[in-house]
**Student:** 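Can you read through this structure? Questions will come right after.
Computed over heavy atoms, backbone and side chain alike; hydrogens, waters and symmetry mates excluded. Per chain, numbering begins at 1; letters A, B, ... match sequence-line order. Worth saying up front: this structure is predicted, and the values here are computed from it rather than measured.
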Amino acid sequence: MASLKELKGRINSVKSTQKITKAKQMVAAAKLRKAQAAAEAARPYASRLAEVMGSLAAKVAGQDNGPLLMRGTGSDQRHLLVVVNTDKGLCGGLNSNLVKEAKLQARALEAAGKTVTFYLVGKKGRAPIRRDYPNGIAAGYDTSLVRTPGFDEAAAIAHDLIAMFEAGKFDVAHLIAPEFKNALTQLPVTTQIIPVPAPTNTVAIDAVVEYEPGEEEILEELLPRYVTTQLFGALLEREASEQGASMTAMDNATRNAGELINKLTIQYNRSRQAAITTELIEIIAGAEAL
Amino acid sequence: MSLHFELVTPARLVRSEEVHMVVVPGTDGEFGVLEGHAPFMSTVKDGTIKVYKSAGSAPEEITVQGGFAEVGAKGLTVLAEHVEG
């Protein structure tokens, strides 16, 4: 049985932990709203770009001399997994779910006889992936230096990836990033980004569209932008997912701390009462003895 | 008689309005878009987009960096990487 002083110390320490988790929860809630708004605001650009891509790709499709980013290297032996993790913890199972998905994909690809390397965005995936694939990490991008990763960061990552692709370091790249459903659920999703998959919902434009300079030149300029936009979307989703997961995790932590405090308080009161009772018995017994 | 003009960046939808004419700095030269323009697509170089709210009015200038302009049945859409101001 812990002494009264020890119990009091425990209660106080749990109380201060609760204050921290509560504060973190409220911060996450406020940031989540902002992150969601940012994700919402980015949607028109992404959908427009996809539309333009669709109409252009339909025109160029079937030609052998399409841009490299579209037709690929012709083999699918070396795969690159771009894993987008958060930079900070305290967000529940978000990062471990992402790493789990990455490892699952890697194992599936390896079972099919392909080689797998990783490109890591964000700090939190580094350690667990390095543990299983000590030599598998090709490169990474540190997003922890800026407060809210934006389009510039996405452009830098895309530039990196395309440079690696053009240097022949890999054949296929997949993006593994969280998808924000709501504050409670964030699912890791894998999508192929390089070579750019031909859009499935191509909208046939009846009118004759004039292109300047030419269809292929436009497509060539458009593809890197498309990759960038996908990465930008992933960063935004990550931001929203991190805050959502953090909010939920911290809400749970706050509630657990409350329960623990109640339990400890009851224990404390019981011991206090027991101590008083023993003291009284001793006094009475002493008085009777006289 | 107006042209629907949209200016979109990755971060947000900057403009969505009805205007008279827009002059876009295309890679192969500037071009003006009025209502009823034929379907057209061009890359955009760094420069200023001039927006004429009505015929004969002074243009409003928007500096953009890199992107695309698409003219379709819905109007003119400019996808720019950066917009100043």
Side-chain angles (χ1 to χ4, degrees), chain A residues 34-35 37-56 59-60 148-156 158-159 203-236 239, chain B residues 3-19 21-47 49-50 62-85:
Chain A
K34 227 191 266 171
E40 201 100 339
R43 228 158 268 161
Y45 186 85
S47 63
R48 283 305 154 78
L49 201 59
E51 252 172 56
V52 176
M53 269 281 299
S55 61
L56 265 176
K59 289 221 156 82
V60 184
T148 42
F151 195 73
D152 293 339
E153 282 71 35
H159 186 80
V203 213
I205 297 172
D206 305 328
V208 183
V209 184
E210 214 174 301
Y211 293 96
E212 197 182 288
E215 289 154 40
E216 272 167 40
E217 285 89 342
I218 292 185
L219 194 60
E220 212 144 300
E221 205 178 303
L222 195 121
L223 286 167
R225 260 171 238 257
Y226 188 69
V227 174
T228 308
T229 312
Q230 288 225 306
L231 285 163
F232 182 57
L235 286 180
L236 289 174
E239 203 62 24
Chain B
L3 169 79
H4 187 68
F5 167 57
E6 280 191 5
L7 178 59
V8 194
T9 67
R12 68 205 163 94
L13 181 67
V14 182
R15 288 285 165 90
S16 177
E17 58 190 6
E18 305 294 322
V19 295
M21 178 172 84
V22 181
V23 176
V24 184
T27 322
D28 286 359
E30 286 199 344
F31 58 91
V33 180
L34 281 160
E35 199 231 347
H37 196 289
F40 178 66
M41 193 182 291
S42 170
T43 48
V44 174
K45 64 177 182 198
D46 302 354
I49 291 180
K50 296 195 192 85
I62 308 169
T63 309
V64 295
Q65 272 172 33
F68 292 89
E70 188 200 7
V71 184
K74 282 178 275 177
L76 168 70
T77 309
V78 178
L79 301 172
E81 214 139 273
H82 285 283
V83 169
E84 266 161 46

**Student:** Hey, which of Tyr45(A), Phe151(A), Phe232(A) has the most heavy atom pairs under 4.5 Å with chain B?
**Tutor:** Tyr45(A)
**Student:** Does any backbone or side-chain atom of Phe40(B) lie under 4.5 Å from a heavy atom of chain A? Answer side chain, backbone, both or neither.
**Tutor:** both
**Student:** Under the side-chain hydrogen bond (donor to acceptor under 3.5 Å, both in side chains) rule, collect the residues that match up with Thr43(B), sequence neighbours excluded.
**Tutor:** Thr27(B)
**Student:** Can you name the closest pair of heavy atoms from Leu235(A) and Ala154(A) and give their distance?
**Tutor:** CD1-N, 4.0 Å
**Student:** Which of the residues Ser42(B), Gly66(B), Ala73(B), Pro10(B) is involved in the greatest number of heavy-atom pairs with chain A at under 4.5 angstrom?
**Tutor:** Pro10(B)
**Student:** Please report the closest heavy-atom contact between Ala41(A) and Ala11(B), naming both atoms and the distance.
**Tutor:** CB-O, 3.1 Å
**Student:** Not counting sequence neighbours, list each pair that qualifies as a salt bridge (Lys or Arg N to Asp or Glu O under 4.0 Å) and has a residue in residues 223-234 of chain A.
**Tutor:** Glu221(A)-Arg225(A), Arg225(A)-Glu81(B)
**Student:** In terms of heavy-atom pairs under 4.5 Å, which option from Ala69(B), Gly29(B), Gly67(B) contacts chain A the most?
**Tutor:** Gly67(B)
**Student:** May I have the step-by-step check of salt bridge (charged side-chain N to carboxylate O under 4.0 Å, His left out) for Glu70(B) and Arg48(A), ending in yes or no?
**Tutor:** CA-CA 10 Å; Glu70(B) 188 200 7; Arg48(A) 283 305 154 78; over 6 Å; no
**Student:** Below 4.5 Å, heavy-atom pairs only: which of Thr228(A), Val52(A), Leu222(A) has the largest tally toward chain B?
**Tutor:** Leu222(A)
**Student:** Quick check on the interface: out of Val71(B), Leu13(B), Thr9(B), who has the most heavy-atom pairs with chain A under 4.5 Å?
**Tutor:** Thr9(B)
